[in-house]
Amino acid sequence: MRPGTEPGRSSSGIRDRDWDAAVAAIRSVPLDAEVQLICHVNPDGDALGSMLGFALGLRQLGFTGLRATFPGEFDVPEPYRALPGADLLVEEREAYAEPALILIFDVASESRLVGLAGRLDGAAPVVVLDHHASNTSFGDVNLVDPAAVATSVVADELLVRLGVELDAEIAECLYVALATDTGSFKFVRSPSVHTLAARLIATGISPGEIARRIFDTRPFGAMKLAGEVLGRALLEPEAAGGHGMVWTYATNADLERHHQRPYVLDSLIDPVRGVAEADVAVVVKELVPGEWSVSLRSKGGVDVSAVAVALGGGGHRLAAGFTAYGTPGEVIAQIRPLLDANLA
Ligand code: AMP
Ligand code: MN
Ligand code: MN
């Protein structure tokens with residue numbers, strides 16, 4: 001049954017009683033209560049944009065005790081530092097110890113909350129907003145729509161249900177989130193995405209300026225680093241049942257040589273993904289010695305979410321990731337048989 005055709009479900013595929021429970025959880029806390037918003041480790045544009053856009057909506061409603069955070073090093077990627085609402089961001093250690101309410105954005109499983117996962121065991125209700133098919137429903141209220149292209153789609157609908165009026169600051173955050181997770185609207189699956197984009201743009205935000213800042217601006221060193229990392233890519237035409245795999249890796253030594261922060265590696269999956277001879281693209285990025293963050297992409301020949309889940313990670317059918325151990329060659333050796341086992 002298609003989302004929206006089932007009784008009790010809105011067009012989002014999320015049940016009305018879950019929307020109602022989320023609205024009730026938010027309305028039940030006093031406006032001066034401590035409200036903690038959290039997004040995933042190594043936050044991307046959807047994680048930060050949906051979290052900060054939602055926080056600004058709560059601020060509009062009169063909430064005064066808002067803090068937003070993410071686990072790990074407090075390294076906000078440069079393109080997102082000027083997002084509206086960034087003043088609400090605090091380091092992990094400044095997160096409320098016992099908030100009255102916890103709101104979680106773009107997090108498929110508790111492992112993506114790393115050191116903050118323990119906060120979920122307190123008395124506060126936990127409301128999860130997400131769009132990963134692999135979401136483990138770890139919240140008290142789970143607003144998870146695998147058909148949504150970004151968590152910001154879910155955040156927008158909850159803001160509407162709370163009576164928040166869209167303004168240019170909220171819209172900029174939600175637009176950044178939407179543009180990031182749709183690859184600048186290349187992975188759109190429904191006209192409703194552009195309907196939402198139109199509503200956001202109608203507030204007066206500047207999509208061209210936002211796109212230049214988020215996608216088309218990088219330090220010289222990041223460009224040189226990309227040249228090296230892409231230059232060492234390997235093509236394996238026989239992999240993934242003959243659909244082909246292309247892969248490369250980047251180390252902390254690469255980052256240091258070019259004086260770059262780890263997040264600059266996150267966009268490298270895009271040129272790798274464009275290789276015509278391979279269905280599957282993989283970038284293996286060093287976190288600490290022997291530990292790697294792996295990005296997987298498919299053009300449709302393989303369900304890379306299943307591959308990632310089998311290796312302890314998660315994601316979507318065509319874009320997924322996991323944490324891996326060993327050398328880059330050993331990581332790829334773990335992936336190869338799982339590609340063959342998960343042909344679409
Ligand atoms: P990335 O390659 O980092 O852009 O991530 C692609 C997709 O996979 C996103 O939807 C992520 O949320 C998800 N993902 C990446 N790494 C992990 C992980 N370690 N565990 C669970 N999901 C992940
Ligand atoms: Mn994300
Ligand atoms: Mn997302």
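Just so you know, these numbers use all the heavy atoms, side chains as well, and skip hydrogens, waters and symmetry mates. Whatever order the structure lists them in is the order used to number ligands and atoms, beginning at 1.
Looking at Ile14 and Val154, their side chains come closer than 4.5 Å, going by heavy atoms from C-beta outward.
Of all the N, O or S atoms in His131, the one closest to the Mn ion (ligand 3) is NE2.
Nearest protein heavy-atom contact of atom 21 (C) of ligand 1 is Gly314 N, 3.1 Å. Atom 15 (C) of ligand 1 has its closest protein heavy atom at Gly321 CA, 3.4 Å. From the protein, the heavy atom lying nearest to atom 12 (O) of ligand 1 is His132 NE2, 2.9 Å. For atom 20 (N) of ligand 1, the closest non-hydrogen atom of the protein is Arg112 CD, 3.3 Å. Closest to atom 19 (N) of ligand 1 among all protein heavy atoms lies Phe322 CA, 3.5 Å.
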Exercise. For salt bridge (Lys or Arg N to Asp or Glu O under 4.0 Å), just list the numbers for Asp167 and Arg59, CA-CA rounded to whole Å, side-chain angles, deciding distance to a tenth of an Å, and then say yes or no.
Key: CA-CA 12 Å; Asp167 62 29; Arg59 186 146 82 181; over 6 Å; no
Quiz item: Between Asp75 and Arg81, is a salt bridge (Lys or Arg N to Asp or Glu O under 4.0 Å) present by the stated rule, with each step listed?
Solution: CA-CA 9 Å; Asp75 187 17; Arg81 286 194 191 152; 3.4 Å; yes
Self-check item: Verdict with supporting geometry, Asp106 and Arg112, salt bridge (Lys or Arg N to Asp or Glu O under 4.0 Å)
Solution: CA-CA 9 Å; Asp106 206 36; Arg112 300 277 280 162; over 6 Å; no
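Heavy-atom proximity to Gly315, at under 4.0 Å, picks out these atoms of ligand 1: 8 (O), 13 (C). In the vicinity of His316, heavy-atom distances shorter than 4.0 Å reach the ligand 1 atoms 10 (O). Heavy-atom proximity to Thr323, at under 4.0 Å, picks out these atoms of ligand 1: 19 (N). When each atom of ligand 1 is checked for a heavy atom of Ala319 under 4.0 Å away, the hits are 7 (C), 8 (O). Remark: ligand 1 atoms within the under-4.0 Å shell around heavy atoms of Ser295 are 1 (P), 2 (O), 3 (O). Within ligand 1, the atoms closer than 4.0 Å to a non-hydrogen atom of Gly313 are 20 (N), 21 (C), numbered from 1 in the order shown.
Among the backbone and side-chain atoms of Asp106, an N, O or S atom lies under 2.8 Å from the Mn ion (ligand 2). Among the atoms of His40, an N, O or S atom is found under 2.8 Å from the Mn ion (ligand 2). Taking 2.8 Å as the threshold, Asp44 counts as a candidate ligand of the Mn ion (ligand 2), since one of its N, O or S atoms lies below it.
By the 30° and 60° cut-offs, the orientation of the rings of His132 relative to His316 is parallel. The aromatic rings of Trp247 and Tyr249 lie tilted to each other, with the angle between the two planes from 30° to 60°.
The shortest heavy-atom distance from Ala320 to ligand 1 is under 4.0 Å. Residue contact annotation: Arg297 has a non-hydrogen atom under 4.0 Å from ligand 1. Within the structure, ligand 1 lacks Ile269 among the residues with a heavy atom less than 4.0 angstrom away.
To the nearest 10 degrees, the angle centred on the Mn ion (ligand 3) between OD2 in Asp46 and OD2 in Asp181 reads 90°.
Contacts of His40 with ligand 1, taken as heavy-atom pairs under 4.0 Å, are absent altogether.
For ligand 1, the polar-atom distance check against Ser111 finds no nitrogen or oxygen pair separated by under 3.5 Å.
Each of Leu103, Leu101, Ile102 was scored for a side chain to side chain contact (heavy atoms under 4.5 Å, CB included) with Pro125, with one residue passing: Leu101.
For Thr69 (side chain) and Ile38 (main-chain N/O), no donor-acceptor pair under 3.5 Å exists by modelled atom type.
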